[in-house]
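Heavy-atom basis, side chains included; hydrogens, waters and symmetry copies ignored. The chain is numbered in sequence order, starting from 1.
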Amino acid sequence: MEKTVIFDNARFTVLTDALIRIEYSDTGIFEDRPTQIVLNREFELLDFEVIKQSNHLEIITEHVHLYYEGGEFKESSLYADMKFSFSDYANRWYFGQAITGNLGGTTRTLDNIDGACDLESGIMSQNGFAILTDDSLTLTETDDISEASNNQVDLYLFAYGRDYRAALKDYYHLTGPTPLLPRFALGNWWSRFYDYTAETYLALMDKFEAKGIPLSVSVLDMDWHRVSDVPRKYGSGWTGYSWNKKWFPNPKDFIQKLHDKGLTVTLNDHPADGVRAFETVYPTVAKCLGLDATKEIPAVFDFENPAFRAAYFDVVHGALEQDGVDFWWLDWQQGSVSRSGADPLWLLNHYQYRDTQKKTASSIILSRYAGPGSHRYPIGFSGDTIISWASLDFQPYFTNTATNIGYTWWSHDIGGHMNGIKDAELTLRWLQYGVFSPINRIHSSKSVFTSKEPWHFEMGIEATMTKFLRLRHALLPYLYSANVRIATEGRSMIEPMYYEYPLEASAYEVKNQYFFGSELMVAPITQKIVSELQSASVSVWLPEGTWYDFFTGQVYKGNVTLKVFRETTAYPVFAKAGAIVPMDANPLEKSDVPQHIIWKIFPGADNIYLLFEEENETKVEVINQKLKLTEKIKTKRYHTIEFAGQVVLTDVQGDIALDLQQFDPQFDWDFASDLLRCLDIAEIAYAEKDKIYAQLIHLHDFDKRMAFVQRLGNQNLKDTLFELIYSDKSRDV
């Protein structure tokens, strides 16, 4: 049957049982062209019921019952009932009315935001339905910006209930998939707004290498080009395309040396002021655009002009790409107004990414968010972050919620960009979050005091930073596989807890907590340590089942919310029972296909995990405690199997079959030693430490231990002891 129903001056297209397009056009001519937001409206045909009378229309699918009384859309003439009841009263949508329960999307930038800010709506709602409005311009068959839509109203009703993954998958089908990122993008990025020279920058990279800290992306902020010496008659030096030869006398040689270190190179570009007469490439650009170079008429930034775009890509960027620049950081901050009404940021992202893909299909851009559909142009730069605990506390929620509008590749200024005060603990916690965020781009401002190099801090902080930066590269096999799943399956690497547990109220309460890939769950620490305990806490909801601390194996029985405490050397990352996590055994070696994989396997459930690498695929199955590993790989490599905290097989090549029943868990975590450590670092009276230690070591009954702890006066101390006691009890379950 036809998927469209035309009634009066309205058209309704049933794309899926849960996704309906709703259009209104005064002329009765509707829009079939792709738009900036929507690229593909072709879904499989399905059966649905239509009731049509002279002044009344009803469309009935498995999820929606829509009513239309004809005429211009109004609350009284267009509404729909949802066939689920996640609210007592809010299961009907009326045209034009705000929908309650929306779980949020994202926003354009975090510039100058110290803490939280309002977010735009996403396509997920706790009440089960949401509206996506498409008021963007149309695209031509050649993917160029065209004109306004024929429609006065163009809406998409998403009514997926709480099947958030299905909604996201169909959103990607509608608006275009998230591209596969190149592997280098998933490693550690070094970025700083600073007056580097070629010599000092290369020396810095040498020091990272000498310290055993892996990097994959080398970012040069705006001072790579002429800034302070631009003659005043040309305006600000913020936009620039001519190397500062005083600091970078031989750019091509400089970039080649970075490439020799295995680094991918990006330059910052503030393009708003176009190309002016002081630029090296100006005469060529002027000729391309028919400008009189002798009059020094600027080539105004205009991405609606094909001639300007051609000169920009081929001449301006082209010359720098010949020097070795791999991709561009596009830093547009000048608003959303253009001649056609198109957002100039969207134009910049769209055409720059398209040009990038023509030159290097595996490349990316780093740019700002320009509204729904921006996921097609990864990666997102969230803006100049204020250095504060409030900013750090907002970023996990901000990143999680962006998945609700398909924007899964946010890159934050890890550590914060500007203002604030020096706080080594804040910097460390932010870096730890960065390691477990989509993109780990360490960044800071031009101040000589905001440096984020690990050795800028005391030895303990430095050692922990170094450990976590190495961990990020060890996790690259896991991260790249999650990257493949985003591109091919529409399954995001960052998922709010309610994606997996949509009917659990607790899943909506832990706003910062999230799944990191298919196997791990993270609860970021965004508060300072409790000084008397020398540990920081975060409230964690552990769903039904068994959960393990990813680092120590500390076990927790699920279906509980509790505070967990971690010293600055540790971070709350949890593996579900049965989790299979591949890690590069040699994270300091740069290779698209690691030569040695460590498989961390957690007991308690069956699981199947697929590792993707370029053209390779490795499958690990654990069924009834029998492990089977099979490879489709061009060259042999080594595998180490770590089960329940112990290495049970090492340096093996080829397919593997192994009975895991013969091995007992040997995780690092131990109640007695952890209790001793907890009390030892606590800044409380020695007599109280002795009393607590003696009681909890000799009491083995959970209820008696808890009764003793409840009599203590210090709530923070009670909370941290409860975590230890609960974990010890969980081991017996």
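A salt bridge is absent between Lys169 and Glu489: the closest approach of a Lys/Arg side-chain nitrogen to an acidic carboxylate oxygen does not fall below 4.0 angstrom. Ion pair Asp680/Lys689 not flagged as a salt bridge, since none of the NZ, NE, NH1 or NH2 atoms sits closer than 4.0 Å to an Asp/Glu carboxylate oxygen. Salt-bridge annotation for Glu567 and Arg677: present, with a side-chain N of the basic residue lying under 4.0 Å from a carboxylate O of the acidic one.
To the nearest 0.5 Å, the span separating CG on Leu649 from NE2 on His639 amounts to 10.0 Å. Distance check: Cys678 SG to Leu533 CG gives 6.5 Å after rounding to the nearest 0.5 Å. The structure places CE of Met583 at 12.0 Å from OG1 of Thr640, a figure rounded to the nearest 0.5 Å. For the atom pair Ile379 CD1 and Ser411 OG, the distance stands at 6.5 Å (nearest 0.5 Å). Interatomic distance, Asn512 CG to Tyr397 OH, rounded to the nearest 0.5 Å: 9.5 Å.
Side-chain N or O atoms of Asn102 include one that pairs as donor or acceptor with a backbone N or O of Gly104 at under 3.5 Å. Side-chain atoms of Ser673 come within 3.5 Å of backbone N or O of Asp670 as a donor-acceptor pair. Judged by distance alone, with hydrogens and angles left aside, the side-chain atoms of Arg472 form a donor-acceptor pair with the main-chain N or O of Leu186 at under 3.5 Å. Without hydrogens or angle criteria, His473 side chain to Asn188 main chain gives a donor-acceptor distance under 3.5 Å. Under a 3.5 Å cut-off, the side chain of Tyr726 and the backbone N or O of Lys557 do form a donor-acceptor pair. Here the side chain of Gln554 pairs no donor or acceptor atom with the backbone of Asp668 at under 3.5 angstrom. Not one N or O on the side chain of Arg491 forms a donor-acceptor pair closer than 3.5 Å with the backbone of Arg485. In this structure, Glu504 contributes its side chain and Ala507 its backbone to no donor-acceptor pair below 3.5 Å. With hydrogens and angles disregarded, a donor-acceptor distance shorter than 3.5 Å links the side chain of Lys576 to the backbone of Ser518. With Asn400 contributing its side chain and Pro396 its backbone, the two residues share a donor-acceptor pair below 3.5 Å.
The environment of NZ in Lys467 is crowded: more than 12 heavy-atom neighbours from other residues, nucleotides or ligands sit within 6.0 Å. Enclosure of atom NZ in Lys511 is not indicated, since only 12 or fewer non-hydrogen atoms of other residues, nucleotides or ligands lie within 6.0 angstrom. Under a cut-off of 6.0 angstrom, the local environment of NZ in Lys619 is sparse, with at most 12 non-hydrogen atoms contributed by other residues, nucleotides or ligands. Sparse packing is recorded around NZ of Lys628, with 12 or fewer heavy atoms of other residues, nucleotides or ligands lying under 6.0 Å away. Other residues, nucleotides and ligands contribute over 12 non-hydrogen atoms within 6.0 Å of the NZ atom of Lys422.
The shortest heavy-atom contact between Met465 and Thr427 is CE-CG2, 3.4 Å. When all heavy atoms of Val622 and Ile601 are compared, the closest pair comes out as CG2-CG2, 4.3 Å. Listed here is the closest heavy atom pair of Ser539 and Thr561: OG-CG2, 3.5 Å. The two atoms that bring Ala570 and Phe468 nearest to each other are C-CZ, 4.4 Å, heavy atoms only. For the pair Thr385 and Ser391, the tightest heavy-atom approach, listed with the atom from each and the gap, is CG2-CB, 3.9 Å. The minimum heavy-atom distance between Phe86 and Asn127, with the atom names listed, is CD1-O, 3.8 Å.
Exactly one of Thr399, Ile439, Leu366, Ile494 qualifies for a side-chain contact (heavy atoms from CB on, under 4.5 Å) with Trp409. That residue is Ile439. With Tyr164 as reference, Tyr499 is the one residue of Tyr499, Tyr501, Phe515 to meet the ring pair (Phe, Tyr, Trp, His ring centres under 6.0 Å) rule. Applying salt bridge (Lys or Arg N to Asp or Glu O under 4.0 Å) to Asp413 and the options Arg441, Lys452, Arg192 leaves one that passes, Arg441. Here the options are Lys718, Lys563, Arg566, the test is salt bridge (Lys or Arg N to Asp or Glu O under 4.0 Å), and the partner is Glu723; only Arg566 passes.
Looking at Ser382 and Thr109, their side chains never come closer than 4.5 Å, going by heavy atoms from C-beta outward. When side chains are defined from C-beta on, Asp584 does not count as touching Tyr478, because their heavy atoms never get closer than 4.5 Å. Taking the side chain as every heavy atom from C-beta outward, Thr178 and Thr408 approach each other to under 4.5 Å. With a 4.5 Å cut-off on side-chain heavy atoms, Arg183 and Lys590 do not count as touching. Counting heavy atoms from C-beta outward, Ser492 and Leu168 have side chains that approach closer than 4.5 Å. Side-chain contact between Glu688 and Ile692 is present, with heavy atoms from C-beta onward closer than 4.5 Å. A 4.5 Å side-chain heavy-atom check between Leu629 and Trp599 finds at least one atom pair inside the cut-off.
Relative ring orientation between Phe602 and Phe550 is described as tilted, the plane-to-plane angle lying within the 30° to 60° band. Classified by interplanar angle (parallel below 30°, tilted 30° to 60°, perpendicular above 60°), the ring pair Phe667/Tyr548 is tilted. Using the six-membered ring where Trp is involved, Phe394 and Phe398 have ring planes that are tilted, between 30° and 60° apart.
With ring centers used as reference points, Tyr556 lies under 6.0 Å from Phe574. Aromatic ring centres of His375 and Tyr172: separated by under 6.0 Å. Ring to ring, Tyr369 and Tyr407 are close: their centroids are under 6.0 angstrom apart.
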Apply the test side-chain contact (heavy atoms from CB on, under 4.5 Å) to residues Ile641 and Leu627: give CA-CA distance (whole Å), side-chain angles for both, the deciding distance (0.1 Å), then the verdict. CA-CA 10 Å; Ile641 308 297; Leu627 180 146; 4.1 Å; yes
Could you please spell out the steps behind the side-chain contact (heavy atoms from CB on, under 4.5 Å) verdict for Glu425 and Thr568? CA-CA 7 Å; Glu425 183 190 352; Thr568 54; 4.3 Å; yes
Evaluation steps, side-chain contact (heavy atoms from CB on, under 4.5 Å), between Tyr498 and Gln126: CA-CA 9 Å; Tyr498 46 78; Gln126 224 171 328; over 6 Å; no
Can Glu462 and Lys211 be said to form a salt bridge (charged side-chain N to carboxylate O under 4.0 Å, His left out), step by step? CA-CA 10 Å; Glu462 176 187 356; Lys211 291 277 189 178; 3.1 Å; yes
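The closest side-chain donor-acceptor pair between Asp674 and Trp669 falls under 3.5 angstrom. For the residue pair Glu519/Asn607, the side-chain donor-acceptor check at 3.5 Å is satisfied. Between the side chains of Trp430 and Gln395, at least one donor N or O lies within less than 3.5 Å of an accepting N or O. Side chains of Trp547 and Ser730: no donor on one and acceptor on the other come within 3.5 Å.
Tyr171 does not carry Arg165 over the face of its six-membered ring by the limits of under 6.0 Å from the centre and within 45° of the normal. Cation-pi check for Arg470 over Phe208 is not met; the charged atom does not lie both under 6.0 angstrom from the ring centroid and within 45 degrees of its normal.
Remark: Gln513 engages no residue in a side chain to side chain donor-acceptor pair (under 3.5 Å) (not counting sequence neighbours).
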